[in-house]
Amino acid sequence: MHLVPPERAGQPAIDEHRACEAIEALGDPGHVAAWAERFALVSDPNRLAILLSVDRAGPISVTDLALATGLTATSVSQVLRLLRASGAVTGTRDGRVIRYRLTDRTLGPILAMARATHTAARADHR
């Protein structure tokens with residue numbers, strides 16, 4: 001069991017090679033934590049709706065996001081504050097308006113899967 005950390009070396013194993021494959025699949029714990037944070041961003045329906053909208057229509061304003069999602073402008077602003085802090089989106093000032101775009105490109109495939117599932121489900125109901 002060459003990949004088992006020393007602090008777990010005394011633990012029993014049924015299939016040692018499978019345990020090593022699982023450890024190898026996990027890789028760096030920081031990588032796992034970073035992906036868990038990305039998934040947490042899309043775990044809330046309001047955040048997901050805003051991310052889907054920004055990804056498809058960005059750069060887009062708070063006002064337009066509120067119209068698109070059915071949320072209040074205040075709620076959209078609060079969600080965008082969190083998304084900016086996480087590095088998922090960034091805002092660019094255009095006169096008095098700030099327009100938001102997706103900056104965390106690793107979210108793109110996750111959003112594409114959510115969009116594809118939604119599109120397929122909508123097509124099934126026709």
Side-chain angles (χ1 to χ4, degrees):
M1 296 203 329
H2 67 288
L3 294 178
V4 175
E7 66 272 10
R8 288 184 252 154
Q11 290 183 233
I14 304 297
D15 296 315
E16 293 177 359
H17 69 284
R18 292 191 189 279
C20 286
E21 287 177 11
I23 291 168
E24 187 174 35
L26 292 172
D28 175 38
H31 180 75
V32 172
W35 272 100
E37 287 177 20
R38 284 182 185 94
F39 284 117
L41 288 176
V42 298
S43 69
D44 174 77
N46 293 338
R47 287 192 302 260
L48 179 57
I50 289 170
L51 284 166
L52 285 166
S53 298
V54 169
D55 185 44
R56 173 64 62 91
I60 186 170
S61 69
V62 169
T63 302
D64 292 341
L65 284 168
L67 177 63
T69 61
L71 299 169
T72 65
T74 301
S75 294
V76 169
S77 292
Q78 289 172 346
V79 170
L80 286 168
R81 190 173 304 119
L82 179 129
L83 294 175
R84 276 194 326 266
S86 73
V89 301
T90 190
T92 304
R93 185 167 291 282
D94 181 13
R96 292 185 0 217
V97 176
I98 299 175
R99 298 181 192 280
Y100 293 88
R101 63 182 175 83
L102 190 69
T103 51
D104 184 344
R105 298 314 308 169
T106 61
L107 287 170
I110 297 169
L111 297 172
M113 285 185 348
R115 191 174 297 109
T117 302
H118 170 72
T119 303
R122 193 173 58 208
D124 288 345
H125 287 94
R126 288 184 186 164

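All values derive from a computational prediction rather than experimental measurement.
Between the side chain of D44 and the backbone N or O of R47 there is at least one donor-acceptor pair closer than 3.5 Å.
A pairwise comparison of heavy atoms in R105 and P109 identifies O-CD, 3.5 Å as the closest pair. When all heavy atoms of L52 and L111 are compared, the pair lying nearest together is CD2-O, 3.5 Å. Summarising the geometry of L83 relative to I50, their closest heavy-atom pair is CD1-CG2, 4.0 Å, with the distance given to 0.1 Å. Closest of all the heavy-atom pairs between S53 and T69 is OG-CG2, 4.0 Å. Taking both residues in full, the closest heavy atoms of L107 and A88 are given as CD1-CB, 3.7 Å, listed atom of the first, atom of the second, then distance. The nearest pair of heavy atoms linking P59 to R99 is CB-CB, 3.6 Å.
When the side chains of ILVMFWY residues are joined at heavy-atom separations under 4.5 Å, either directly or via intervening members, L65 and L82 end up in a single hydrophobic cluster. Hydrophobic cluster membership differs between L71 and V97, with clusters built from Ile, Leu, Val, Met, Phe, Trp and Tyr side chains linked at under 4.5 angstrom. Cluster annotation: F39 and L51 are assigned to the same hydrophobic cluster (Ile/Leu/Val/Met/Phe/Trp/Tyr, side-chain heavy-atom contacts under 4.5 Å, transitive).
Sorted by first then second residue, the side chain to side chain donor-acceptor pair (under 3.5 Å) pairs that include residues 74-83, not counting sequence neighbours, are T72-S75.
Few gaps surround CD on E7; more than 12 heavy atoms of other groups in view lie less than 6.0 Å from it.
In this structure, the side chains of S86 and E37 stay at 4.5 Å or more apart for every pair of heavy atoms.
Listed by chain and number, the residues in a salt bridge (Lys or Arg N to Asp or Glu O under 4.0 Å) with R38 are D104 (sequence neighbours excluded).
Using cut-offs of 30° and 60° on the angle between ring planes, the pair W35 and H31 is perpendicular.
A salt bridge does not link D55 to R101: none of the charged nitrogens lies less than 4.0 Å from a carboxylate oxygen.
Partner I110 forms a side chain to side chain contact (heavy atoms under 4.5 Å, CB included) with one of L41, L48, V42 and no other, that one being V42.
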